[in-house]
Amino acid sequence: MHIQNVTDFNLKYTLESGQSFRWNRVDDAYYGVVEGRILKICQQGTTLQVESSTDEDVSTLAAYLHHYLDLGRDMPRLLAAVDNDAYIHRAIEKFWGMRILNQALWETLASFILSQNNNVPRIRGIIRRLSEHFGEKLTLERYVDYSFPSAHALAASQVDELLACGTGYRASYLRDAAQAVVSGELAFTQLKQFPYLEAKRELMQRKGIGEKVADCICLFSLGHLEALPIDVWIKRIFETLYLRRQATHREIREFAQNYFGESVGYAQQYLFHYAHEEPNWADV
DNA sequence: TTCCAGGAGAGAG
DNA sequence: CTCTCTCATGGA
């Protein structure tokens, strides 16, 4: 299957910018497990070549990817709106076409609970082991992977099993969240209808979901581009480049949301990825 | 050996 | 309200 005329889009930057933990590059193709199937995506200019492990309808798959990859976004307009200074201008130039994904809610919620006080390679490993243990085996050609564990599967798990996957002290947070989803205490249909601040407040009711993780879920799954996850990198970036002093999370949030406006989450993603990829990011 | 990683909870003040 | 300590894990 092909998707044509995809402009202002970069698959590599989108899938390798720390918002999803489930994509692997093999040569020039990306394999990932998305909502119960393996997808293989290859970008050639403005064309995406896509294969799926299921025989789903072509137009259904195209519509899904349009949403998942945020292809309907007017990137030139959005990026122009946050292109306020030389710092972010460099990031926008270097990573032009990077999108913020619209990922599955349960997977995003669970994954970012696991992300706290942790690093990306280890988060990926934990999720891979959880999927191997609790998910379903999937194959696409010779590529084998496992679906993300359902909330039901994790709600019924033993803490020992979660610990064996490397979750550490986050095991109980993960299980509690799974049980809240299964019981209906955490209602996804309602959560998806909430505006940003209400969704964030509701998410933060869960143990293991603080302000930063809630913002990641709002931004990477619920489509709230005004969400601003403040981790050590974002804090360092704003203190160094913009405020030029030590600042609290609240000061950073207030400045950034005022300075970048309603798409501050996108601005954050470009600054975050630029700092990760460019060791000399702090130099003017 | 110590430090760090897309942090958050609990307790003290 | 803010500050500090601790939490499990593995790679640098």
Side-chain angles (χ1 to χ4, degrees), chain A residues 13-23 91 95 98-103 105 107-130 132-133 154 157-178 180 186 200-222 224-241 246-254 256 264-279 281-282:
Chain A
Y13 300 154
T14 301
L15 299 182
E16 294 186 6
S17 57
Q19 46 181 323
S20 174
F21 305 104
R22 294 285 274 166
W23 288 94
F95 295 112
M98 178 170 63
R99 309 278 176 136
I100 287 179
L101 298 169
N102 293 111
Q103 304 181 70
L105 183 50
E107 176 172 340
T108 308
L109 190 157
S111 296
F112 280 93
I113 282 178
L114 297 171
S115 77
Q116 69 156 282
N117 200 21
N118 213 339
N119 59 63
V120 171
R122 237 179 66 78
I123 298 164
R124 291 171 60 90
I126 294 168
I127 292 172
R128 182 176 49 74
R129 289 186 291 276
L130 284 172
E132 286 170 359
H133 194 285
L154 293 187
S157 69
Q158 302 296 317
V159 176
D160 288 354
E161 298 177 282
L162 300 181
L163 288 175
C165 295
T167 56
Y169 68 91
R170 312 163 192 84
S172 61
Y173 299 154
L174 183 60
R175 222 169 71 93
D176 288 350
L186 187 55
K200 181 173 171 179
R201 191 185 313 130
E202 179 64 24
L203 287 164
M204 288 176 68
Q205 298 299 111
R206 293 289 116 213
K207 281 198 177 180
I209 301 183
E211 183 163 35
K212 190 269 177 182
V213 168
D215 270 325
C216 283
I217 299 165
C218 285
L219 183 59
F220 300 139
S221 178
L222 293 174
H224 297 305
L225 302 188
E226 66 268 50
L228 175 65
I230 303 178
D231 70 329
V232 291
W233 286 86
I234 291 299
K235 182 167 165 26
R236 210 175 299 152
I237 288 165
F238 276 92
E239 286 180 337
T240 305
L241 299 181
Q246 290 197 339
T248 64
H249 285 204
R250 205 173 72 180
E251 290 171 325
I252 292 168
R253 179 178 304 283
E254 188 174 351
V264 62
Y266 252 103
Q268 169 274 154
Q269 193 64 13
Y270 276 78
L271 291 170
F272 175 88
H273 196 47
Y274 186 86
H276 268 75
E277 296 297 308
E278 175 53 64
W281 62 270

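Throughout, protein chains are lettered first and strands after them, A, B, ... in sequence-line order, and every chain is numbered starting at 1.
Residue A:Lys207 places at least one side-chain N or O closer than 4.0 Å to OP1 or OP2 of B:dA10. The side chain of A:Arg236 places an N or O atom within less than 4.0 Å of a non-bridging phosphate oxygen (OP1 or OP2) of B:dA5.
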Legend entry - ring pair (Phe, Tyr, Trp, His ring centres under 6.0 Å) between A:Phe21 and A:Phe112, worked out: CA-CA 10 Å; A:Phe21 305 104; A:Phe112 280 93; 5.3 Å; yes
Inset, instruction - Evaluate the side chain to side chain contact (heavy atoms under 4.5 Å, CB included) criterion for residues A:Val213 and A:Leu203: first the C-alpha distance (whole Å), next the side-chain angles of each, then the deciding distance (0.1 Å), finally the verdict. - result: CA-CA 9 Å; A:Val213 168; A:Leu203 287 164; over 6 Å; no
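Atom name P, nucleotides C:dT4 and B:dG6: the rounded distance is 24 Å, in whole Å. C:dG10 and B:dG9 are spaced 23 Å apart, taking the P atom of each and rounding to whole Å. Here, C:dG11 and B:dA8 have their C1' atoms 23 Å apart, quoted to the whole Å. Taking atom P on both nucleotides, B:dT2 is separated from C:dT6 by 15 Å, rounded to a whole Å.
Listed candidates were B:dG6, C:dA8, B:dG7. Nearest to the side chain of A:Ile234 is B:dG6. Picking from B:dG7, B:dG9, C:dG10 the nucleotide with the shortest atom distance to the side chain of A:Tyr173 gives B:dG9. The side chain of A:Asn119 sits closest to B:dG6 out of B:dG6, B:dA8, C:dT2. The side chain of A:Arg250 sits closest to C:dT2 out of B:dA8, B:dG6, C:dT2. The side chain of A:Arg122 lies closest to C:dA8, out of C:dT2, C:dA8, B:dG6.
Ring-plane geometry between A:Phe95 and A:His273 is classed as tilted, the angle between the planes lying from 30 to 60 degrees on a 0 to 90 degree scale.
Atom CD1 in A:Ile126 sits roughly 9 Å away from atom P in C:dT9 (whole-Å rounding). Rounded to whole angstrom, the span from the CD1 atom of A:Ile123 across to the C1' atom of B:dC4 amounts to 13 Å. If you take CG of A:Leu114 and P of B:dG7, they are 12 Å apart, rounded to a whole angstrom. Across the protein-nucleic acid pair, A:Arg170 atom CZ and C:dC7 atom P stand 13 Å apart, rounded to whole Å. The distance from atom CZ of A:Phe112 to atom P of B:dA5 is 16 Å, rounded to the nearest whole Å. Rounded to whole Å, the distance from CG on A:Asp231 to P on B:dG7 is 6 Å. What separates CZ of A:Arg124 from P of B:dG6 is a distance of 12 Å, to the nearest Å. A:Leu162 has its CG atom 20 Å from the P atom of C:dC7, to the nearest Å.
Of the residues A:Lys200, A:Gln268, A:His224, the one that meets the side-chain hydrogen bond (donor to acceptor under 3.5 Å, both in side chains) test with A:Asp215 is A:Lys200.
Using a 4.0 Å heavy-atom criterion, one finds that A:Gly18 contacts the bases of the nucleic acid, with or without backbone contacts as well. Within the 4.0 angstrom heavy-atom criterion, no nucleotide atom of any strand lies near A:Phe21. Contacts of A:Ser111 with the nucleic acid, taken as non-hydrogen atoms under 4.0 Å apart, are absent.
In this structure, A:Trp233 does not count as stacked on the base of B:dG6 under the 5.5 Å centre distance and 30° plane angle limits.
Around CD of A:Glu254, the count of heavy atoms belonging to other residues, nucleotides or ligands within 6.0 Å does not exceed 12.
Each of A:Arg206 and A:Pro229 was matched to the nucleotide of DNA chain B holding its nearest heavy atom; the match closer to the 5' end belongs to A:Pro229.
Evaluation of atom-type donor-acceptor distances gives no pair under 3.5 Å for the side chain of A:Gln116 against the base of B:dG9. For B:dG7, its base sits under 3.5 Å from the side chain of A:Tyr169 at one donor and acceptor pair at least.
Inspection of the A:Gln116 and A:Tyr169 side chains reveals an N or O donor paired with an N or O acceptor under 3.5 Å.
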